[in-house]
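A quick write-up on the structure given underneath.
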There are 2 protein chains.
Amino acid sequence: MDQLSEKGNITRARIVETARELFHKQGVRATSIDQILETSSTGKSQFYHYFSSKDDIVHEVLRFYMRIVESGRGPVLLNIESWDDLERFFYDHVEGVRMLGYERSCPLGSIANELASENEQVRVDVNLVFGYIRNSISGFLKGLKSEGKLKKSADPDALSDFSIATVQGALLLAKVRKDGTPAENTVKHALIHLKSFAK
Amino acid sequence: MDQLSEKGNITRARIVETARELFHKQGVRATSIDQILETSSTGKSQFYHYFSSKDDIVHEVLRFYMRIVESGRGPVLLNIESWDDLERFFYDHVEGVRMLGYERSCPLGSIANELASENEQVRVDVNLVFGYIRNSISGFLKGLKSEGKLKKSADPDALSDFSIATVQGALLLAKVRKDGTPAENTVKHALIHLKSFAK
DNA sequence: CGAAAATTGAACTGATTAGTACAATTACTG
DNA sequence: CAGTAATTGTACTAATCAGTTCAATTTTCG
């Protein structure tokens, strides 16, 4: 790959953003490179100038999500420092799929579900993002525990995995039902359970 | 479609079973009809004799799951009449993905996640199965409630959706982590929460 | 048996796929 | 301004895709 000029960076970013949107909307395998190029008004030579393969752009889309999450610029608050923050973490996700008409689930969960068994890089990439979120939640819970504000029986790591899993399941259920109610009920009960460990 | 002879039924069932396995293993879009035919040692004319399209066999695979669930012949106990049954419902799912090396999530959730937004029939089909499971769990909880064995604040329908979502999320997380521990923790905490409504 | 119906094999089509080749053009830099 | 590097447009390939055609074979049943 050559050094990128400002113009090159813009083109590259436009391709990544278009791919990200299409992967979320319809899945990776349902999205052809030609469709990414047509939607982003880009030529094929440009695509293969910036990316080496379809697997490569999937990887770049996942790295994009990782940067979003790390930088805190995403639509979901991930810097969790209070019970209110944790509550917002859950409800931001439900609100996110509501805005999209309950026609999509989690963009990361979808890609992982579609490709993780056949593409180890995808599994690792998604794991990195999930791991970051896991650390964010468990860090909050561990902090509470050290302050004596969480029951000793509470396992922060296990409760973090529980949180991520319930969000993933809630978003999938919203998509299957095309209705936010089951997802809202799911995260509501997940929060009740988590807060039951507070003291 | 002509009337099916016994031989025809066997061929048809072989195709459905092969498609079901491949869809679960690698996804629907990653599975070509040619691969289904090669794996099941069947010719293409046979496939289009018994099924009208790829969408059609996806539908038939989902109907197969529905029959499995209704008949109680599946690997997961769905006739839930006690807390032990409900506990088994959760752990059967985790055990199911453990047996497959944590390389797959829920076969229905996977197909729904991949296709529900673009194929309404798929969404409806998966909803039928999820609805059956939902009724099974909420029926048990409603029974408890009428016997005064469940807190009045408990909402059986909401808790059923919570149960289905946590299972879906747990299985996805197991696949992403290639490890059963987060899924076990998830269903363990889901059960603790559900049982907190018992009295 | 013998005819009708069900089942199957093999070759084919047209569209779409990921990826390549290569020349043309634009932008940067000394 | 001249040369070099970055960027882009067009045309292409070989493989694979879902689906079709049609004749051959097997099974069923009076």
Side-chain angles (χ1 to χ4, degrees), chain A residues 1-23 25-62 111 114-115 118-122 125, chain B residues 1-23 25-62 111 114-115 118-122 125:
Chain A
M1 168 87 67
D2 308 311
Q3 175 108 13
L4 291 191
S5 69
E6 187 183 349
K7 193 177 167 192
N9 272 318
I10 291 173
T11 300
R12 204 194 114 104
R14 193 174 70 242
I15 294 172
V16 170
E17 169 55 20
T18 304
R20 188 203 61 73
E21 162 69 10
L22 290 171
F23 290 168
K25 182 180 171 196
Q26 60 195 20
V28 174
R29 290 203 124 102
T31 303
S32 69
I33 292 174
D34 283 343
Q35 189 186 8
I36 296 170
L37 302 180
E38 195 184 352
T39 307
S40 63
S41 299
T42 316
K44 188 159 267 194
S45 70
Q46 299 173 59
F47 181 89
Y48 283 101
H49 183 63
Y50 298 111
F51 310 98
S52 64
S53 65
K54 192 176 182 182
D55 280 351
D56 187 32
I57 195 169
V58 172
H59 176 58
E60 290 305 317
V61 165
L62 293 175
I111 293 176
E114 191 182 358
L115 302 174
E118 315 230 311
N119 184 330
E120 176 68 8
Q121 180 71 65
V122 164
D125 285 342
Chain B
M1 169 87 66
D2 308 310
Q3 175 107 14
L4 290 191
S5 68
E6 186 183 350
K7 194 177 167 190
N9 272 318
I10 290 173
T11 299
R12 204 192 114 105
R14 193 175 69 241
I15 294 172
V16 171
E17 168 55 21
T18 303
R20 188 202 61 72
E21 162 69 10
L22 290 171
F23 291 167
K25 183 180 170 193
Q26 60 195 22
V28 174
R29 290 200 123 104
T31 303
S32 70
I33 291 173
D34 284 342
Q35 190 186 8
I36 296 170
L37 302 181
E38 195 184 350
T39 307
S40 63
S41 300
T42 317
K44 189 160 265 195
S45 70
Q46 298 173 57
F47 181 90
Y48 283 101
H49 182 64
Y50 297 112
F51 310 99
S52 64
S53 66
K54 191 175 181 182
D55 279 351
D56 187 32
I57 195 167
V58 172
H59 175 58
E60 291 304 318
V61 164
L62 294 175
I111 293 176
E114 191 181 358
L115 303 174
E118 315 228 312
N119 184 332
E120 177 67 8
Q121 180 69 65
V122 163
D125 285 342

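The chains referred to below are lettered A, B, ... by the order of the sequence lines, with proteins before strands, and numbering in each begins at 1. Side-chain atoms are counted along with the backbone in the values below, which use heavy atoms only and exclude waters and symmetry mates.
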Using nucleotides 24-26 of chain D, report all nitrogen or oxygen pairs with the protein that are shorter than 3.5 Å.
none

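As a whole-Å value, the separation of A:H49 NE2 from C:dA18 C1' is 19 Å. Taking atom CZ on B:R12 and atom P on C:dA6, their separation rounds to 15 Å, with Å as the unit. Here D:dT27 presents its P atom at 15 Å from CG of B:N9, a figure rounded to the nearest Å.
Applying the side-chain hydrogen bond (donor to acceptor under 3.5 Å, both in side chains) criterion to B:R29, with sequence neighbours excluded, gives no partner residue. Applying the side chain to side chain contact (heavy atoms under 4.5 Å, CB included) test to B:S53 and every residue at least two apart in sequence or in another chain returns B:D55, B:D56.
Rounding to the nearest 0.5 Å gives a distance of 15.0 Å between CD1 of B:I15 and CZ of B:R20. Summarising the geometry, atom OG belonging to A:S32 is positioned 8.0 Å from atom CD belonging to A:Q26; distances are rounded to the nearest 0.5 Å.
For the pairing with B:E114, the side chain to side chain contact (heavy atoms under 4.5 Å, CB included) check across B:V28, B:V58, B:V122 returns one residue only, B:V28.
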*For each nucleotide in nucleotides 14-21 of chain D, reading 5' to 3', give B when a protein heavy atom comes within less than 4.0 Å of its base, S when such contact involves only the sugar-phosphate, and - otherwise.*
---SBBB-
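Taking the charged nitrogens against the carboxylate oxygens, A:R12 and A:E60 do have a contact shorter than 4.0 Å, which makes a salt bridge. A salt bridge is absent between B:R14 and B:E17; no separation between the charged side-chain nitrogens and carboxylate oxygens falls under 4.0 Å.
An OP1 or OP2 oxygen of C:dT7 is reached within less than 4.0 angstrom by no side-chain nitrogen or oxygen of B:T11. Under 4.0 angstrom from either OP1 or OP2 of D:dT8 there lies at least one side-chain N or O belonging to A:Q46. A close approach under 4.0 Å does not occur between any side-chain nitrogen or oxygen of A:Y50 and OP1 or OP2 of D:dA6.
Inter-residue side-chain proximity for B:F23 and B:I36 is flagged as met; some heavy-atom pair is nearer than 4.5 Å. Inter-residue side-chain proximity for A:I33 and A:F51 is flagged as unmet; no heavy-atom pair is nearer than 4.5 Å. With contacts defined as side-chain heavy-atom distances shorter than 4.5 Å, the pair A:I57/A:F47 qualifies.
Using five terminal pairs a side, the axes of the helix from C:dC1-D:dG30 to C:dG30-D:dC1 at its two ends make an angle of 10°, given in steps of 10 degrees.
Within 4.0 Å of B:T42, counting heavy atoms only, lies no atom of the nucleic acid at all.
Judged as a salt bridge (Lys or Arg N to Asp or Glu O under 4.0 Å), the pairs with a partner in residues 30-53 of chain B (not counting sequence neighbours) are, in order, B:D34-B:K44.
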